[in-house]
Protein chains: 2
Amino acid sequence: MAVSVREVAARAAVSVGTVSNVLNRPDKVSPATVERVHAAIRELGFVRNDAARQLRAGRSRSIGLVVLDVRNPFFTDVARGAEDRAAEDGMTILLGNSDENADREGSYLDLFEEQRVHGVLITPLTDDLPRLERLQGRGTPVVLVDREAADRRFSSVAVDDVVGGELAVRHLAEIGRRRIAFVGGPMAIRQVTDRLEGARRAVEATPGMTMEVVETESLTVLAGRAAGAAIRERAASDRPDAVFAANDLLAMGVLQALMMQGTVLVPDDIALIGYDDIDFAAAAVVPLSSIRQPAALIGYTAVDLLLKEAGEADGDEGEQERERERVIFQPELVVRGSTVPDAASHPSAP
Amino acid sequence: MAVSVREVAARAAVSVGTVSNVLNRPDKVSPATVERVHAAIRELGFVRNDAARQLRAGRSRSIGLVVLDVRNPFFTDVARGAEDRAAEDGMTILLGNSDENADREGSYLDLFEEQRVHGVLITPLTDDLPRLERLQGRGTPVVLVDREAADRRFSSVAVDDVVGGELAVRHLAEIGRRRIAFVGGPMAIRQVTDRLEGARRAVEATPGMTMEVVETESLTVLAGRAAGAAIRERAASDRPDAVFAANDLLAMGVLQALMMQGTVLVPDDIALIGYDDIDFAAAAVVPLSSIRQPAALIGYTAVDLLLKEAGEADGDEGEQERERERVIFQPELVVRGSTVPDAASHPSAP
DNA sequence: CTCCAATTGTGAATCGATTCAGCGTTGGTG
DNA sequence: CACCAACGCTGAATCGATTCACAATTGGAG
């Protein structure tokens, strides 16, 4: 059924080696032969078997990417950036989403390792880095995405979440809010705790400001709705005057819940700011203020680091403890109607 | 560097065949041996090489999925459904997005075929089905997703887009609108033309109703913004009193553009309805009325058909023109504030 | 004590593309 | 005219897991 190089070779009256050369190093073959082989390929409908190719090569031409949630536009943007960079080197991105679940994360890592991917980009769920260290030790480079490597064991591309959290809450302080609620969770996720940490710093730097933490089970619109509903149900006097949500999905959920039945006005009663600045944030019921991260650039850079690392590994071969690279981008405050009523509701053009 | 079955076999003092048996048919091996082999695997850090496995097996354990746009939540929902069903059979989804671009679509198909995927799920860009037919002819089953197969050459899972379009415009008619604008494009995409066709039917069934078509270059928020801006710029008397957008992304773009500077009020001046009912639709500036499609179910069902077909092919082996299956779901109207003011769960915008 | 059957385990062949040492030709140089 | 380099091509070896016909061992029945 399957057409192999052997059959193509027979048809074109050349050896299999020549067919392979036509496929991979056409300049090493005379034009006439190239044409003859191509004709045979066309006539037979030959399609290269990637498994055989990979087996021989020892590594696949793809890169694994494990994200926390594919439904979060932030991560699809990261994926797009990664894909773009990978394509430049003829590589492919394999996308896995852990759904904030350790088992799923683990099975994607297993899968990717069995596939002998060129490397793994991952937004790790927790601080269970030993797993990743072993993976890396076995020869699969790992780059942490949207998460700073604590030490030099991993390369990483991240945005400073502490600064981001600080930016958000400082903004809330500047518009006169003092009773802040931080909505986010689970606390096992580093991005959440870092943003919270930044928020704390801003709170401490602001006289008279207090903060409560409303923990959520995940970083989704649904979880945000639940948190928002809980806040709405309280007596008006007991409500915060500002909410900082750990990401835009949560923020949008909070927003929906707060505005339900017109109970709470945003930003009049409660100012709201999210994180990530996803496209939809600008289109929310009330356009969402947010902290922008260069998502596509993060993905692009991560693949870049990975390929650099993989390239070196090929050369060195000496599995030495090379210094890993860490890239950190700075987050940026984007002000819209959910914190400042008369702020332009349209997103800035790229 | 890489640990192979051979080394595991040596370490456990058994043959490679036995190691393979432990991995794939543990019941055929005595418990003591199984344990010994597992120990060797652990000690050596052995990881199966999937390429070798696939080469032998002839097919990979993954399914290719090509969608029009990963950034559209509708498609990520489809992907999630597909992933769930695939996981039930220990299979994986490879996600490719064509970005409404024929070249990208083509290169994903090439890639998937070289990978010898179990089958391909695709939301085809155009009506260029010969390409897919050849693919299928060479032994890779194809299931059309969110697109009804014109004839019986392909299995397909779709939602009736003509009915959907009709539902949308009939709703606009019922709330008293008569001057409709259909926003969507490119017209090469079947979903667009089908929804437009449905819209036409509703228009023709409604005395005094007229419709104009505002063609867009893609189905994105950005394209929607452009279309919306064009409408906003017109003299008030020249504007439509309702807009039906070919998907929610477009609709949200239109919404943003219309409301800019408070020029046009939605739904007072212009009622707006989208398509897909993505999660964000409910959270828009004005909650978006839309046509709901069972996205995850579509993905789930598509994989189901695919696996059924692939299974049969294994048995038959007789490449005969078997009858393909076609599944069609019915769309559903969801009314929110963008068409009916009091359906809104919040005060209307400034 | 034989004999047969069931149970375990063996190892060479296989999948298909790539690689590489090496062979035969050609054409240019001294 | 001899010599050599460059070129075009060959074909066997290779990657690593799986498979399968067959060998070795064990146990139970007769």
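To find a chain, count down the sequence lines: A is the first, B the second, and so on, and within it residues start at 1. Computed from a prediction, not measured in an experiment: that's the story for all the values here.
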### Task
Without swapping roles, check the side chain of Gln191(A) against the backbone of Asp146(A) for a donor-acceptor pair under 3.5 Å.
yes

### Residue pairs fulfilling salt bridge (Lys or Arg N to Asp or Glu O under 4.0 Å) with at least one residue in residues 63-75 of chain A, sequence neighbours excluded
Arg71(A)-Asp77(B), Arg71(A)-Asp279(B)

### Message
Please enumerate all residues that pass salt bridge (Lys or Arg N to Asp or Glu O under 4.0 Å) together with Arg6(B), with sequence neighbours excluded.
### Response
none

### Task
Could you tell me which residues satisfy side-chain contact (heavy atoms from CB on, under 4.5 Å) with Thr126(B), sequence neighbours excluded, listed by chain and number?
Asp128(B), Ala188(B)

### Flag, side chain of Ser62(A) to backbone of Thr92(A), donor-acceptor distance under 3.5 Å
no

### Task
Would you please say whether a donor-acceptor pair under 3.5 Å links the side chains of Glu113(B) and Thr140(B)?
no

### Task
Apply salt bridge (Lys or Arg N to Asp or Glu O under 4.0 Å) to Arg116(A) and list each qualifying residue two or more places apart in sequence or on a separate chain.
none

### Task
Mind running a 4.0 Å heavy-atom check of residues 8-15 of chain B against DNA chain C and sending the residues that fall below it, in number order?
Val14(B), Ser15(B)

### Message
Protein within reach of the bases, or only the backbone? For nucleotides 14-24 of chain D, mark each nucleotide 5' to 3' as B, S or -, using heavy atoms under 4.0 Å.
### Response
BBBBBB-----

### Task
Sequence neighbours left out, what passes salt bridge (Lys or Arg N to Asp or Glu O under 4.0 Å) with Arg147(A)? Give chain and number order.
Asp127(A)

### Task
Report the distance from atom NZ of Lys28(A) to atom P of dT10(D), rounded to the nearest whole Å.
16 Å

### Task
Using the test side chain to side chain donor-acceptor pair (under 3.5 Å), find all partners of Glu114(B) that sit at least two apart in sequence or belong to another chain.
none

### Task
Take the C1' atoms of the five end pairs on each side of the helix from dC1(C)-dG30(D) to dG30(C)-dC1(D), derive the two axes, and give their angle rounded to 10 degrees.
50°

#### Entry: Residue pairs, two or more places apart or on separate chains, that pass salt bridge (Lys or Arg N to Asp or Glu O under 4.0 Å) and touch residues 88-98 of chain A
Arg85(A)-Glu88(A), Arg85(A)-Asp89(A)

### Query
Between the side chain of Arg131(A) and the main-chain N/O of Gly106(A), is any donor-acceptor distance below 3.5 Å?
yes

### Query
Hey, can you pull the residues of residues 29-36 of chain A with a non-hydrogen atom under 4.0 angstrom from DNA chain D?
Val29(A), Ser30(A), Thr33(A)

### Task
Sequence neighbours left out, what passes salt bridge (Lys or Arg N to Asp or Glu O under 4.0 Å) with Glu100(B)? Give chain and number order.
none

